[in-house]
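Down below is the structure, laid out as structure tokens.
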Amino acid sequence: MYKDSDGVFSIRKLLLEDIDSEYLSWFENHDGHLDYFTGSGRKFTKEIIVDDYNLGLKSGKWFYFLIESSEGEKIGNVKIGPIDLKNKTSDLVCLVGNRKYLGQGIAYRAIKITSDIAFKIHDIRRLHGGMYENNIPSIKAYTKAGWNIEGRMKGYYMVPGGAEDRICVFCLNPKYFPDVKGENDEG
């Protein structure tokens, strides 16, 4: 278990029993919260989520973590993976699913903690991700967590009314890149 420095939440490995009705409710898009979560428009059912969770454990190529409040309330999740074992690279996706915790700075702190887990536990050299250009809260969360904007993929996502760019972000493991300082690095 990994605790937030402010004591507001902790992060631990997701367990199968954590995938309950509350957890599954995060993937219902009745309020538009998931409009930016999946670029493919994929739907998330219990079967799909459980199968993906189990396949990640079996393959060792992706891992889910649960973000919980200090009172034990489920807040969200973070997925490290899929991991490219040869190149030691991985995606890292954070979802604050419990809407009452939105806008409290939990996402950036969870991204920072799980980036450290990816680097120290899974020996990842480079983390990366991408998001819709209009998903400003996500871009801010990653950059505040020390990630850098790497580029823009023009017209990557199809949205009502046209196309939208994908903003690509990355974070480097200082073990492998000790002399590289990004624009968002401190020091």
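Heavy atoms only: backbone and side chains are in, while hydrogens, waters and symmetry mates are out.
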side-chain contact (heavy atoms from CB on, under 4.5 Å) partners for Glu47, two or more places apart: Thr45, Asp51
Going by salt bridge (Lys or Arg N to Asp or Glu O under 4.0 Å), name the residues that satisfy it together with Arg109, two or more places apart in sequence or in a different chain. Asp4, Asp6
Closest non-hydrogen atom pair between Trp147 and Ser115, with its separation: NE1-OG, 3.1 Å
Can you list everything that forms a salt bridge (Lys or Arg N to Asp or Glu O under 4.0 Å) with Asp165? Sequence neighbours excluded, please. Arg152, Lys154
For Lys13, which residues count as a side-chain contact (heavy atoms from CB on, under 4.5 Å) partner, sequence neighbours excluded? Phe65
Closest contact, heavy atoms only, Ala110 versus Phe9: N-CZ, 3.8 Å
Any pair with a residue in residues 115-124 that passes salt bridge (charged side-chain N to carboxylate O under 4.0 Å, His left out), sequence neighbours left out, goes on the list, sorted by first then second residue, please. Lys88-Asp123, Asp116-Lys120, Asp123-Lys175
Kindly indicate whether the side chain of Arg125, heavy atoms from C-beta on, has any atom under 4.5 Å from the side chain of Phe177. yes
Could you work out, with side chain to side chain donor-acceptor pair (under 3.5 Å) as the rule, every residue matching Tyr23, not counting sequence neighbours? Asn77
Of all residues at least two apart in sequence or in a different chain, which pass the side-chain contact (heavy atoms from CB on, under 4.5 Å) check with Leu85? Lys61, Ile83
Which heavy atom of Val159 sits nearest to which heavy atom of Glu164, and what is that distance? CG1-OE1, 3.8 Å
In chain order, what residues pass the ring-ring contact (aromatic ring centres under 6.0 Å, His included) check against Phe63, with sequence neighbours excluded? His122
Apply side chain to side chain donor-acceptor pair (under 3.5 Å) to Thr114 and list each qualifying residue two or more places apart in sequence or on a separate chain. none
Test your reading of the model: is there a side-chain donor-acceptor pair from Tyr53 to the backbone of Leu14, 3.5 Å cut-off? yes
Who passes salt bridge (Lys or Arg N to Asp or Glu O under 4.0 Å) against Asp91, sequence neighbours left out? none
What one should report as the nearest heavy-atom pair of Ala118 and Leu127 is CB-CD2, 3.9 Å
Residue list, salt bridge (Lys or Arg N to Asp or Glu O under 4.0 Å) with Lys86, at least two apart or on another chain: none
What residues, two or more places apart in sequence or in another chain, satisfy side-chain contact (heavy atoms from CB on, under 4.5 Å) together with Ser10? Met1, Lys3, Glu68
